[in-house]
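Worksheet: the structure to be examined is printed underneath.
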Amino acid sequence: MAHVQRHPLAAQAAEVLLGRIRAGEWPLGHKLPGETTLAAQLGVGRSTLREAVRELAGRGVLESRQGAGVFVTALEVTEDWDTLLRRADIVTVIEARIAIEAEAAALAAHRRTPADLRVMWRALAARAEAGPAVESLVDADTAFHRTVVTAAHNDVLTSMFDAFVPRSRHAMIDMLRMRPLPDEGADHRAHELLLDAVRARDSAAAATASRVHLTSLKAVFA
């Protein structure tokens with residue numbers, strides 16, 4: 001049985017617990033042993049154990065339920081978006097965008113309002129007038145895509161888009177400087193097709209337009 005050997009004790013206890021969870025000792029949804037038993041196993045005091053549990057709860061791995069005990073809610077620590085994106089390449093980010101935006105486009109076609117359409121048309125026009133600067137094009141393009149996502153009226157999808165797409169801005173700018181779009185006119189037309197599908201309330205066409213457009217963008221960087 002692994003024991004904590006170094007200070008800070010609570011941080012070390014948290015790492016030992018996480019290691020045992022990763023090793024499969026306690027499956028997802030499983031209740032951990034009682035506080036007294038677990039503290040003895042780790043070789044720490046109960047107050048140190050509580051602090052370790054709080055740390056892992058804050059990282060999304062454990063959950064303390066009043067009167068029931070401590071339960072495993074994840075088998076791995078979830079990284080924050082900034083850490084994840086520092087390690088991700090642009091192709092990986094575009095793949096995630098396809099998953100989010102194709103579904104958002106389908107929902108937008110179903111749920112969009114006249115006000116949503118006006119906002120999308122303005123954003124598309126601004127994109128067409130963005131000028132040759134790569135920074136301006138990336139910012140205008142992001143703004144347009146966000147109008148489609150927000151027209152889905154799904155706060156989770158919007159939050160996911162906002163969480164990582166703006167953070168990939170510098171990577172997009174750098175990549176487009178190295179590998180410009182082969183046909184900017186065709187790229188803009190792809191955005192028009194997406195908006196046309198949303199306007200027509202054609203969910204399947206909207207999802208397809210979003211997926212085809214982003215897949216072609218992925219091919220540029222692959």
Side-chain angles (χ1 to χ4, degrees), residues 1-108 110-111 146 149-150 152-168 171 203 207 210-211 214-215 218 221-222:
M1 188 70 63
H3 280 249
V4 174
Q5 300 295 330
R6 302 187 304 276
H7 294 281
L9 285 176
Q12 291 296 315
E15 288 306 310
V16 171
L17 284 174
L18 182 57
R20 291 170 68 178
I21 291 167
R22 285 169 171 161
E25 184 170 346
W26 300 301
L28 188 66
H30 193 85
K31 179 181 176 181
L32 268 59
E35 189 176 88
T36 301
T37 300
L38 200 52
Q41 288 179 1
L42 296 176
V44 299
R46 293 169 64 180
S47 61
T48 299
L49 175 64
R50 291 188 198 110
E51 187 176 343
V53 169
R54 281 195 296 270
E55 179 178 333
L56 290 180
R59 296 161 75 183
V61 175
L62 297 178
E63 180 182 38
S64 295
R65 300 174 187 170
Q66 185 68 33
V70 178
F71 294 81
V72 177
T73 51
L75 302 180
E76 187 55 85
V77 174
T78 302
E79 294 182 297
D80 61 73
W81 285 115
D82 290 321
T83 300
L84 187 62
L85 284 171
R86 278 196 297 270
R87 293 190 354 212
D89 59 34
I90 195 65
V91 170
T92 303
V93 172
I94 293 173
E95 288 173 347
R97 285 186 61 180
I98 292 170
I100 294 170
E101 294 185 47
E103 178 63 19
L107 291 173
H110 179 64
R111 299 173 178 173
R146 190 180 189 280
V149 175
T150 56
H153 296 279
N154 182 306
D155 291 341
V156 175
L157 287 174
T158 302
S159 295
M160 291 174 69
F161 182 93
D162 288 344
F164 79 90
V165 171
R167 290 174 168 86
S168 67
S203 294
S210 177
R211 187 176 295 106
L214 290 170
T215 300
K218 172 185 169 183
F221 298 127

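In this chain, residues are counted from 1 in sequence order.
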[X] to [Y] - nearest heavy-atom pair and separation:
X	Y	value
Pro27	Val72	O-CB, 3.6 Å
Leu28	Ala74	CD1-N, 3.5 Å
Ser203	Ala106	OG-O, 3.0 Å
Ala10	Ala52	O-CB, 3.5 Å

Side-chain donor/acceptor of Arg211 to backbone N/O of Ala102, under 3.5 Å: no

Residue pairs passing the side-chain hydrogen bond (donor to acceptor under 3.5 Å, both in side chains) test where at least one lies in residues 65-75, sequence neighbours excluded: Glu63-Arg65

Just verifying a value: how many Å separate [X] [atom1] and [Y] [atom2], rounded to the nearest 0.5 Å?
X	Y	atom1	atom2	value
Ile98	Leu214	CD1	CG	5.5 Å
Ser168	Ile94	OG	CD1	8.5 Å
Asn154	Met160	CG	CE	9.5 Å
Leu75	His30	CG	NE2	12.5 Å

So [Y] and [X], do their side chains get closer than 4.5 Å, heavy atoms only?
X	Y	value
Leu107	Leu157	yes
Glu101	Phe161	yes
Arg97	Val165	yes
Trp26	Pro33	yes
Val61	Leu17	no
Arg59	Leu56	yes

Residue pair Leu62, Ile21: steps toward the side chain to side chain contact (heavy atoms under 4.5 Å, CB included) verdict: CA-CA 10 Å; Leu62 297 178; Ile21 291 167; 3.8 Å; yes

Which residues satisfy the side chain to side chain contact (heavy atoms under 4.5 Å, CB included) test with [X], sequence neighbours excluded?
X	value
Ala96	Phe164
Ala57	none
Thr158	Arg146, Val149, Thr150, Asp162

All side chain to side chain donor-acceptor pair (under 3.5 Å) counterparts of His153, not counting sequence neighbours: Asp116

Where at least one partner belongs to residues 27-36, residue pairs that pass salt bridge (charged side-chain N to carboxylate O under 4.0 Å, His left out), sequence neighbours excluded: Glu35-Arg46, Glu35-Arg50

